[in-house]
Amino acid sequence: MIGIREKTILSISVFSFFFAAILIAGSLIKEDSLYVELSNIFAPPGGGHIFGTDWVGRDMLVRTVKGLSLSMKIGLLCSVASSLIAMVLGVAAPLLGGKVDIFISWLIDFVLSIPHTLAIILISIACGGGLQGIVIGVTATHWTSLTRVIRAEVMQIREAEYTKLSRRFGKGNLFIAKEHVLPHIIPQLVIGTVLIFPHAILHEASVTFLGFGLPAHEPAIGVILSESMKYLTSGKWWLAFFPGISLIAVSMMVNSIGKNIERLIDPKTAYR
Amino acid sequence: MRLNAENISFRYGEERYILKDVNFSVGSGEVVGLTAPSGFGKTTLGKILAGYQRPESGRVTIDGAEIKSKGYHPVQLIFQHPEKAVNPKWKMRKVLAETEMPSRELLEAMGIQNGWLDRWPSELSGGELQRFCVTRALSEKTKFLIADEMTTMLDAITQAQIWNTVLGYARLHKIGVVVISHDQPLLERICDRIVNLTACSG
Amino acid sequence: MKQILTVQNLGISFSQYMKGLRRRSLKVISNLDIELHEGEILAIVGASGSGKSLLAGAILGILPENAALEGEIYYEGQLLSQKDKEKIRGKEIALIPQSVNYLDPLQKVGRQIGISIQKNGGFRTGGSDESRDKTIEHDLPKDKVIENILQKYGLDKAVADYYPFQLSGGMARKVLLATALTSGAKVIIADEPTPGLDEPSLNEVLKDFRGLADDGCSILMITHDIEAALKIADKVAVFYAGTTLEVANTRDFDGGDSSSGDGLLRHPYSKALNNARPNVGFLPSEGSQPFPDNLPKGCPFSDRCVMRTEECEKELPAFREIRGGKVRCIHAT
């Protein structure tokens with residue numbers, strides 16, 4: 001019989017393998033492998049092109065993989081940057097307390113109160129658009145939830161009896177932060193980073209789709225989707241369908257990796 | 001040495017006073033029971049004595065001098081629920097060593113077996129954990145011990161074992177013990193005198 | 001008296017992960033037996049880790065997924081399957097849980113008490129015994145019923161509008177009791193109902209239990225508080241390291257004292273437990289309960305027992321009837 005831990009690890013490994021495979025495969029695809037084949041435009045899925053071809057005869061599978069890998073790299077960058085912000089602010093707020101805490105809490109509420117997509121578009125444009133704009137835009141909007149989680153966790157640990165006892169034993173802030181707080185928030189941080197990723201990648205794609213993100217010549221998934229809209233009315237459904245499904249599949253995959261890691265780390269479920 | 005609480009008043013915000021002008025005192029080597037119905041601030045007084053809470057007015061002194069808020073606090077509090085008083089991410093050996101590694105004799109007297117030291121808190125029962133919490137608090141620098149319902153969650157044998165060791169240690173090292181509990185038979189069994197908090201207010 | 005709940009040879013093991021992918025099956029409970037009769041209060045006493053609370057989980061079918069169950073549980077003579085347990089829990093068998101964490105944090109207290117009324121379409125009405133419920137009226141609207149039951153425990157009716165986090169420890173305990181009392185169940189399992197209560201509330205609760213039992217309800221009181229148990233229980237089952245060592249009558253606990261340590265109890269552990277009570281001998285017998293992964297092969301108490309012989313370590317003694325009680329000890333007389 002295979003237990004929960006085996007299942008969890010298996011699903012994490014399979015998904016991580018897929019993730020890495022797309023990332024690497026996408027990076028290996030050079031621009032010139034996306035050759036134009038005007039004799040074979042708008043080929044529906046099947047035969048030689050399982051995702052079909054586009055309006056200049058390029059293979060949609062190759063384009064999708066390439067687009068996904070670019071979006072995934074941006075997603076990775078954004079989620080790591082977001083968690084770093086979350087860690088710093090989430091620990092600083094309760095430990096420094098007072099006005100710092102009030103300000104950070106206000107900032108979280110402020111950022112959360114603006115619709116994500118709108119905020120990303122505004123920040124992205126303000127930062128000069130393109131790759132740089134979209135990365136800053138997504139990062140600047142995705143640190144909030146994790147910051148809240150970390151802040152709450154740190155506050156709880158600060159108020160825990162074992163931390164208060166530690167103070168009565170004469171231990172200082174540094175000891176408490178390192179020995180009592182850190183072991184609790186590192187797992188949160190890892191899970192948080194993984195779980196931010198699906199949001200980041202979807203937001204990047206949607207903003208690019210709307211034309212405010214990556215420029216049209218980049219092979220990003222958002223660009224592919226936005227192009228496909230032009231042909232959707234003429235029945236070329238595969239241009240949008242397969243890239244869209246792949247994007248969602250990647251998001252769900254990473255989400256599942258995150259949830260599974262959570263299950264492994266959480267002592268409530270880890271030893272079952 | 002004498003631990004004194006002088007004219008202690010305490011309340012949360014603007015609510016009614018939980019403690020009003022309370023005076024309380026315990027000497028070295030003395031075992032004092034502290035009892036009162038729920039809501040009369042037994043636990044709060046314990047926390048004030050051990051420096052967990054600041055009184056609104058009044059002061060806590062040892063031989064007339066106020067206790068420093070930094071460094072090792074000479075008045076140590078033992079909580080009712082040991083599972084909350086140990087970091088779940090620490091192994092028991094680390095938990096014990098947070099003050100100073102206790103002597104082999106003390107560990108044996110407390111009934112702590114060697115094999116327990118390498119276990120996680122979640123693998124031990126409440127009775128076993130409480131032995132650790134008590135042992136940890138019995139360092140050389142502890143002069144007074146506040147036991148807030150220390151053995152309420154434990155079975156009779158474990159309760160008798162823990163108290164037996166604690167009282168022996170306290171007698172030997174001249175530690176003053178405050179026993180907060182509503183278990184009258186227990187208080188009568190172990191205390192030199194019993195104070196009803198309702199009679200302490202000015 | 002009719003037997004209402006019987007647990008025979010109950011065993012519970014947990015499949016657990018150790019480091020990495022190594023798994024082990026940890027047998028936490030090995031030989032639990034109890035019999036609960038109609039109108040009886042059976043107290044289950046033992047140290048933490050003796051398996052008391054797991055028994056409640058086993059009867060109600062609320063053990064975690066990784067737990068495996070052996071043995072039989074009968075309710076009114078019928079063997080209970082997991083499905084049966086799900087069907088009758090909350091209706092026939094109610095639980096008074098250990099902590100306020102069992103309340104829904106997002107629902108007002110009053111509504112949560114109300115749920116158990118609704119589910120059973122009134123409570124303690126008709127049925128076998130009209131006199132069953134004297135304290136609570138049935139034909140009243142639900143609000144009124146909730147108000148009455150709160151009042152009964154000296155809680156303001158405003159408490160119905162509180163959320164669980166607003167309750168103090170003692171109040172929470174009373175609310176938990178109230179939810180079970182309104183359920184109209186024939187069997188109530190109370191898991192550590194006494195800690196956190198001061199003397200007057202404790203006596204009120206104990207009086208209620210006794211009253212319920214006298215009206216025909218059966219109560220399984222799981223506790224480490226022998227004093228409370230002895231005040232109201234008819235029988236006391238002593239658990240140790242996942243095994244029922246003795247089922248004694250309450251009066252057997254009288255007359256233990258520091259010199260003889262005997263009283264009428266049968267098992268050396270029960271005697272030690274009794275002699276450790278502050279108002280009996282306060283005797284700290286040595287040693288501690290063994291871990292489930294490190295149990296002695298024979299009697300689980302053998303490593304601490306003063307009467308131990310070689311035979312004790314060979315196999316777990318079977319239950320024997322002695323002086324109107326049951327005991328697992330080959331030396332008991």
Side-chain angles (χ1 to χ4, degrees), chain A residues 3-5 8 87 90-91 94-98 101-102 149-192 261-272, chain B residues 43 46-54 67-92 94-102 119-123 129-130 132-146 148-150:
Chain A
I4 294 176
R5 194 180 284 192
T8 314
M87 181 178 76
V91 174
L95 283 191
L96 299 177
D101 191 27
I102 293 171
V149 171
I150 304 261
R151 176 175 170 269
E153 184 82 23
V154 174
M155 277 171 90
Q156 209 184 355
I157 300 165
R158 202 191 53 177
E159 291 302 310
E161 282 176 6
Y162 54 83
T163 325
K164 290 185 164 174
L165 266 161
S166 195
R167 265 184 217 287
R168 300 304 131 209
F169 292 147
K171 305 292 185 204
N173 271 331
L174 201 67
F175 178 90
I176 288 171
K178 202 171 127 257
E179 300 291 334
H180 282 295
V181 178
L182 220 55
H184 282 92
I185 65 164
I186 282 180
Q188 299 276 4
L189 218 54
V190 172
I191 298 161
I261 296 179
E262 194 168 14
R263 213 183 304 162
L264 278 187
I265 293 180
D266 187 349
K268 275 201 214 90
T269 47
Y271 290 93
R272 289 213 174 152
Chain B
T43 294
K47 284 186 172 167
I48 290 173
L49 288 173
Y52 284 80
Q53 216 132 38
R54 233 173 241 286
I67 303 164
K68 275 187 248 133
S69 63
K70 284 244 159 78
Y72 193 97
H73 204 284
V75 185
Q76 286 292 331
L77 178 66
I78 313 273
F79 293 91
Q80 180 177 357
H81 298 282
E83 53 280 3
K84 291 185 198 163
V86 298
N87 191 330
K89 305 251 173 182
W90 286 18
K91 283 204 174 167
M92 296 319 297
K94 190 169 177 182
V95 169
L96 265 188
E98 192 169 7
T99 47
E100 57 188 24
M101 201 58 193
R119 295 197 178 233
W120 295 102
S122 59
E123 296 172 313
L129 284 175
Q130 193 64 298
F132 279 89
C133 292
V134 173
T135 312
R136 177 176 63 173
L138 293 180
S139 87
E140 271 176 23
K141 291 173 268 181
T142 303
K143 305 298 174 207
F144 293 92
L145 198 67
I146 318 279
D148 186 1
E149 303 282 7
M150 180 169 84

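Excluded from the calculations below are hydrogen atoms, water molecules and symmetry mates; all remaining heavy atoms, backbone and side chain alike, are included. Below, read A as the first sequence line, B as the second, and so on, with proteins coming before strands; counting in each chain starts at 1.
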Notebook entry, point to check: Is atom NZ of B:Lys94 surrounded by more than 12 heavy atoms (other residues, nucleotides or ligands) closer than 6.0 Å?
Noted result: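 More than 12 within 6.0 Å, yes.
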
Margin query: Quick one, A:Leu165 with B:Arg136, criterion side-chain contact (heavy atoms from CB on, under 4.5 Å). Give me CA distance, side-chain angles, the key distance, then yes/no.
Written below: CA-CA 10 Å; A:Leu165 266 161; B:Arg136 177 176 63 173; 3.2 Å; yes

Notebook entry, point to check: What part of A:Ser166 lies closer than 4.5 angstrom to a heavy atom of chain B: side chain, backbone, both or neither?
Noted result: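 Both backbone and side chain.
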
Check: Hey, does B:Glu98 have a side-chain heavy atom less than 4.5 Å from the side chain of A:Phe175?
Finding: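 Yes, their side chains come closer than 4.5 Å.
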
Next item on the list: Name the region of B:Ser69, side chain, backbone, both or neither, that has any atom closer than 4.5 Å to a heavy atom of chain A.
Entry: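 Interface part for B:Ser69: backbone (N, CA, C, O).
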
Next item on the list: Pick one of side chain, backbone, both or neither for B:Lys141, based on which atoms fall under 4.5 Å of a heavy atom in chain A.
Entry: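 Nothing of B:Lys141, per the 4.5 Å heavy-atom cut-off to chain A.
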
Notebook entry, point to check: Can you tell me how far the NZ atom of B:Lys84 sits from the NZ atom of A:Lys164, to the nearest 0.5 Å?
Noted result: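 It is 11.5 Å, given to the nearest 0.5 Å.
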
Next item on the list: Give a yes or no on whether the backbone of A:Leu182 and the side-chain of B:Lys89 come within a donor-acceptor separation of less than 3.5 Å.
Entry: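 Absent.
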
Next item on the list: Mark yes or no for whether A:Glu161, through its side chain, and B:Glu83, through its backbone, hold a donor-acceptor pair below 3.5 Å.
Entry: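 A pair under 3.5 Å: no.
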
Next item on the list: Can you see which heavy atom on A:His184 is nearest to which on B:Asn87, and at what distance?
Entry: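 Where A:His184 meets B:Asn87 most closely, the heavy atoms are CE1-OD1, 2.9 Å.
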
Next item on the list: Over all heavy atoms of both residues, which pair between B:Pro88 and A:Tyr162 is shortest? Give the atoms and the distance, please.
Entry: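 Distance-wise, the nearest heavy atoms are CD-CE2, 3.7 Å.
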
Item checked: Evaluation steps, side-chain contact (heavy atoms from CB on, under 4.5 Å), between A:Arg167 and B:Tyr52 -> CA-CA 9 Å; A:Arg167 265 184 217 287; B:Tyr52 284 80; over 6 Å; no

